[in-house]
Every structure is written in structure tokens, then in C-alpha cells.
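Below: one structure, written as C-alpha cells.
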Amino acid sequence: MQGLADFLKGIGAARFGAMIAVTAALVGFFAFVIMRVTTPQMTTLFTDLSVEDSSGIIKDLERQGIQFELRNEGTIIMVPKDKVTRLRMKLAEGGLPKGGGVGYEVFDKSDALGTTSFVQNINHLRALEGELARTIRAIDRIQAARVHLVLPERPLFAREAPEPSASIVVRVRGALEATQIRAIRHLVASAVNGLKPQRVSIVDEAGQLLADGAQTDPEQAVGDERRTAFEKRMRKQVEDIVSSVVGSGRARVQLSADFDFNKITQTSDKFDPEGRVLRSSQTREEQSMTADNNGQVTVNNELPGNQQNSGVAAKDQSKKSEETNNYEISRTTKTEVTEAGRVNRISVAVLVDGIYSKNDKGELAYQDRTKEQLDRISTLVRSAIGFDQKRGDQVEVVNLRFADAPSTAPIAEPSGFLGMLQFTKDDVMYFVELGVMMLLGLVVLFMVIRPLVRRILASDEVAAAISGVLTGPAASEEAPSQALLPSGAASAIDVATVQGQVHAQSVHRVGELAERNPNETVAIIRQWLTEPAK
């Protein structure tokens with residue numbers, strides 16, 4: 001302890017304070033490195049949280065004693081990566097996050113005995129709006145949604161009830177497609193009794209009207225959606241079959257379909273003269289006989305049973321036969337109703353790239369496709385779209401070189417032991433962080449600790465040199481006494497000369513050390529002055 005105290009006194013107050021500061025900085029630095037390395041890697045638990053959901057999740061995490069971090073003003077919660085899956089399942093069991101809305105759980109803790117019908121109706125409306133908002137948020141590209149329903153009651157003594165309506169505000173990522181907007185309208189209309197899709201308005205977070213609730217003629221919009229969906233489906237089919245031949249990304253397809261949205265009703269009657277059927281038949285026969293009396297009219301001739309003249313008289317006899325047949329002729333009545341959305345014509349334009357191969361120099365060389373290959377591709381396209389020449393369909397397949405050449409062949413993924421060495425992005429970042437920490441540790445070791453140690457050792461060397469110089473005269477005084485010895489006077493003189501040179505070099509070296517380290521020199525001399533005389 002006395003030696004340590006003497007050492008501390010000898011180094012001086014300024015140097016002692018500097019050593020303490022450097023030691024504290026080193027301890028803090030290495031503590032930061034150790035804490036940084038041992039701290040668990042944090043990942044996202046939930047994003048885009050409302051204030052209510054964030055508060056509930058934080059309370060649950062604090063109750064479980066799990067470390068977490070808040071970012072983006074509490075809308076993002078970070079937790080250790082190894083616990084994120086278990087925490088999501090645990091929070092889902094407790095109904096978190098709720099999504100910032102109230103659903104049918106509003107009835108779980110309500111007191112039915114003390115609740116009026118008005119409160120029950122309000123709670124039912126809130127629950128319905130909250131459930132619809134949750135369902136809409138499940139659709140892709142929709143971050144948040146809020147639903148407002150207007151369900152008017154039927155007035156007393158009224159024949160007709162007012163129609164319900166709905167308004168929806170959504171916050172989206174990017175832009176919604178027409179089919180998605182239509183799906184949202186039909187979803188809400190199907191969930192509310194008596195609500196029509198045309199009575200649903202949709203607005204985005206920028207205030208743009210996506211769907212007008214006052215729309216009365218949706219047929220045109222439906223027709224456009226049908227044509228767009230048909231073109232998209234057919235284009236994808238053509239691209240898939242062509243890309244499988246020329247390669248992925250080496251074909252461009254444009255398809256246009258001409259639709260007829262007119263609804264036509266046609267009625268036609270057809271009569272078949274060969275298909276006759278006897279319906280009824282009527283036969284009538286008449287027969288008459290008259291005698292010639294020369295035109296005389298007498299009473300005797302008119303009396304029944306009159307006596308005829310004995311003479312022979314001329315007679316007139318007639319017979320008439322009439323037949324009437326009624327036939328039914330076959331008749332066919334045909335009514336054709338052609339719905340809107342008939343395909344009148346399809347036009348397809350296919351652009352394919354050529355063939356790339358490596359030459360002797362290892363460079364990619366372009367080569368056009370042959371006419372036979374283009375004809376085969378054209379045949380495949382015709383079969384894919386259901387080509388009809390009478391309808392006026394048109395298919396064009398053209399081979400042109402693309403502006404961007406294909407990339408080199410992909411590197412095969414390693415398997416076996418090399419496949420086990422593949423790291424994810426998080427693993428790579430973790431190793432990079434460890435490497436930076438090690439580099440900083442080496443910089444501190446060689447730039448701070450090593451100069452400090454050398455400085456301390458230099459102070460000891462200065463002290464030893466000064467001690468040797470001060471003890472040098474005593475040794476030189478003993479040298480003449482040894483030189484007076486009769487056994488070796490000449491050799492004693494030579495030794496004295498050598499020792500004098502050595503002492504001169506030592507004094508010169510001590511002077512240099514004193515000039516380079518004045519503070520240490522003063523501290524050593526001050527220590528000697530304070531030491532008691534022996």
C-alpha cells in the first residue's frame with residue numbers, strides 16, 4: 001500500500017486525473033459493447049396501432065415483464081424477436097389489437113336489465129359499424145377503415161320506409177382497383193338489411209370520392225369492369241403460355257376485346273307444311289229426283305198419293321257429296337334473349353424477344369427467331385383466346401429485340417452443408433454489428449491503452465536513468481581506489497575511462513528524457529526531495 005501511495009504521489013494530480021478519466025471511458029465503452037451484444041434483437045410486433053390498442057398491449061407486456069420499445073409515437077411496438085410469435089398468439093387470445101373499433105363485444109359486459117331499448121339500438125349500430133370496419137381492413141391495401149350507417153326507422157302511418165345508406169372512409173396503400181371498390185360496396189350492402197350497393201359512398205383519406213352513393217345507373221360501370229376483367233384474364237393466359245416458350249419476361253402481350261352490351265330480345269315463328277295433322281273431318285251427301293209434267297201445275301199433282309198418269313213421264317235425278325277436312329300445321333315459336341356482354345372481336349398483339357447465346361468470347365449474341373417458331377407461337381395464341389375468323393379476330397406475333405438484354409443465368413443455390421451456411425438479412429446485420437464493435441475495441445486498445453502504458457513505462461525508465469546518474473559519482477570515486485591497487489593499475493585506468501564514457505552517455509540520455517518528459521522529471525525529483533535521509 002505504501003508503494004502504491006508513493007506511486008500515486010509520484011505521477012502527479014493532472015496525470016492521475018487523466019488516468020481516471022481514461023479508465024472510466026474504457027469501462028463505459030466496454031460496458032456499452034457488452035450490453036449491445038447481449039441485448040436481444042428487437043422486431044416489430046404490431047404496426048399502425050391506435051392509442052387504445054397501443055395502451056392495452058403495453059399494459060399486457062408490462063404485466064408479463066417483457067422488454068419492449070415504442071416507435072413512431074406509439075403506433076409501432078418492438079419486442080424481442082424470439083418472443084414475437086408467442087406474444088401475438090397470447091394477445092390475440094385476449095382480443096388485442098381491437099383495431100380501434102368496437103364490435104359485438106360491446107354486449108359482453110352490458111347489463112340487460114337496466115338498459116333501455118334506445119341504448120340497445122345504439123350499441124347494435126356501433127357493433128355493426130365496428131365489425132364492418134374490421135372486415136374491410138382485412139382487404140389488401142387497406143390500412144384503416146371507418147363505417148357510418150344510417151338506418152332510419154319507418155314513420156308511423158307511412159306506406160314506404162326510407163332507404164338506409166352508408167358512408168365509408170378508408171386509408172389505403174397505393175390505389176384501390178375498381179373491382180375492390182365494388183366488392184366493398186356489395187359487402188356492406190349484403191351485411192345491412194335493405195341496403196343497396198348504389199346507396200354506399202366510399203371516400204379515401206385524401207377526400208377523393210371513390211364511389212358515389214347517388215349513382216342510379218351502374219350498368220355502364222359493370223360493363224367496363226366485365227370487359228377489363230376479361231381482357232386481364234385472357235392476357236394472363238397468353239403471357240403464361242408464351243413465356244413458357246420464350247422465357248420469363250421475354251414476351252409482351254396486349255389484348256383488346258370489343259364487347260356488345262346491348263340486350264336483344266328476338267321472337268320468331270316457324271311453320272312446317274310437311275308436318276300436317278288431321279284435326280276434324282265432315283262429310284255431307286245430298287240426293288234428289290224430279291218428274292217432268294210439262295210445266296203443268298194441278299191439284300192432283302200436288303196431292304199426296306195422287307194418281308199418276310198411266311203414260312210414261314220424264315224424270316230428273318241429282319246426287320251431291322261434300323267432305324270437309326280440317327288440318328293443323330306444325331308451328332314453332334322461338335324467343336331468343338341475348339344478354340349484354342357479347343364478344344364481338346378480339347385483337348391480340350404479341351411481341352417476343354429473340355434468342356441469346358454466348359459466343360466464343362463469352363458475350364451474349366442475339367439471334368432472331370425463325371418463321372416456323374413464330375407460326376407455332378401464333379397457333380398457341382389462337383388456341384388460347386378461342387380464335388374465330390368469322391368474328392373478325394386478329395392475332396399478330398412479332399419478333400423484335402428488347403432494349404434490355406436478359407441477365408446472366410442465375411447462380412444455383414447451394415445445397416447440403418453450404419445451404420446450412422446461408423444467412424438471413426437479420427443475421428448478416430447482426431454479424432456486421434459484432435464486427436464493428438470488435439473493430440472499435442481494437443482501435444481503443446491500440447490508440448488509447450497502448451500509448452498510456454508506454455507513457456507509464458517511459459516514466460519508470462526516466463526514473464531509473466536519473467538514479468543511475470546520481471549514483472554514478474560514487475562509483476567513480478571507488479574507481480580510483482581500485483585503480484591504486486598494485487595488481488592492475490593500467491587496467492584500472494582503462495576501466496575508469498570506459499566508465500566515464502558510459503556515465504557521460506547516461507547523463508546525455510537523462511537530459512534528453514528530461515527535455516521530452518518535463519512533468520515526469522519534476523515529479524521524480526519532488527519525490528526524492530520528500531524522502532527522508534538515510
Side-chain angles (χ1 to χ4, degrees), residues 45-64 73-75 77 88-139 142-172 181-205 207 209-215:
L45 179 62
F46 292 110
T47 59
D48 297 330
L49 293 173
S50 61
V51 179
E52 295 80 4
D53 290 339
S54 181
S55 176
I57 294 174
I58 289 174
K59 288 181 180 180
D60 195 286
L61 294 178
E62 290 177 348
R63 181 178 57 82
Q64 299 182 29
E73 298 181 357
T75 58
I77 298 180
R88 286 177 179 173
M89 293 187 292
K90 186 69 175 178
L91 293 173
E93 182 181 356
L96 291 174
K98 298 179 180 179
V102 179
Y104 285 114
E105 66 272 7
V106 71
F107 297 103
D108 295 340
K109 299 180 181 180
S110 60
D111 187 5
L113 295 178
T115 304
T116 62
S117 60
F118 176 77
V119 176
Q120 288 286 354
N121 293 334
I122 293 298
N123 289 337
H124 178 266
L125 183 62
R126 292 177 57 198
L128 185 58
E129 292 176 348
E131 293 295 335
L132 287 174
R134 292 177 183 176
T135 305
I136 294 173
R137 281 196 300 271
I139 300 176
I142 295 182
Q143 294 181 340
R146 187 164 184 177
V147 180
H148 299 279
L149 298 177
V150 179
L151 305 178
E153 297 182 359
R154 182 173 182 175
L156 295 175
F157 309 108
R159 294 181 180 273
E160 297 180 357
E163 294 185 359
S165 60
S167 58
I168 304 173
V169 180
V170 294
R171 185 170 71 248
V172 298
I181 297 174
R182 186 164 172 258
I184 294 174
R185 300 181 72 180
H186 283 270
L187 171 68
V188 177
S190 301
V192 180
N193 186 21
L195 181 60
K196 298 180 180 179
Q198 293 79 18
R199 299 280 294 172
V200 179
S201 301
I202 303 177
V203 183
D204 63 2
E205 73 278 8
L209 185 63
L210 303 180
D212 187 3
Q215 184 177 358

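- Two residues are said to be in side-chain contact when any heavy atoms from C-beta on lie closer than 4.5 Å; F46 and T75 fail this criterion.
- For the pair V200 and S165, the minimum side-chain heavy-atom distance is 4.5 Å or more.
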Check: Where do L45 and R88 land on the side-chain contact (heavy atoms from CB on, under 4.5 Å) test, with the steps shown first?
Finding: CA-CA 7 Å; L45 179 62; R88 286 177 179 173; 3.6 Å; yes
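- Taking both residues in full, the closest heavy atoms of I184 and I136 are given as CG2-CD1, 4.1 Å, listed atom of the first, atom of the second, then distance.
- Closest approach of A211 to I181, counting heavy atoms only: CB-CG2, 3.9 Å.
- Here L187 contributes atom CG and I139 contributes atom CD1; the two are 6.0 Å apart, rounded to the nearest 0.5 Å.
- Among pairs with a residue in residues 143-152, none fulfils salt bridge (Lys or Arg N to Asp or Glu O under 4.0 Å), at least two apart in sequence or across chains.
- In this structure A144 satisfies the side-chain contact (heavy atoms from CB on, under 4.5 Å) test together with R171, sequence neighbours excluded.
- For the pair V169/I202, no side-chain contact is recorded, criterion being any heavy-atom separation below 4.5 Å from C-beta on.
- For T135, the side-chain hydrogen bond (donor to acceptor under 3.5 Å, both in side chains) test picks out no residue, with sequence neighbours left out.
- A distance of 4.5 Å separates CG of L132 from CG of L128, quoted to the nearest 0.5 Å.
- Rounding to the nearest 0.5 angstrom, the gap separating the CZ atom in R126 from the CG atom in N121 is 13.5 Å.
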Would you tabulate the side-chain donor-acceptor contacts of residues 149-164 under 3.5 Å, counting partners in other chains and residues two or more places apart, or write 'none'?
| from | atom 1 | to | atom 2 | distance (Å) |
| --- | --- | --- | --- | --- |
| R154 | NE | A158 | O | 3.2 |
| R154 | NH2 | A158 | O | 3.0 |
| R154 | NH2 | R159 | O | 2.8 |

Please list every donor-acceptor pair under 3.5 Å in which a side-chain atom of residues 56-63 meets a protein atom from a residue at least two apart or in another chain.
| from | atom 1 | to | atom 2 | distance (Å) |
| --- | --- | --- | --- | --- |
| D60 | OD1 | Q64 | NE2 | 2.4 |
| D60 | OD2 | R63 | NH2 | 3.1 |

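- Of all the heavy atoms in S201 and D212, the pair that sits closest is OG-C, 4.1 Å.
- Rounded to the nearest 0.5 angstrom, R182 CZ and L210 CG are separated by 16.0 Å.
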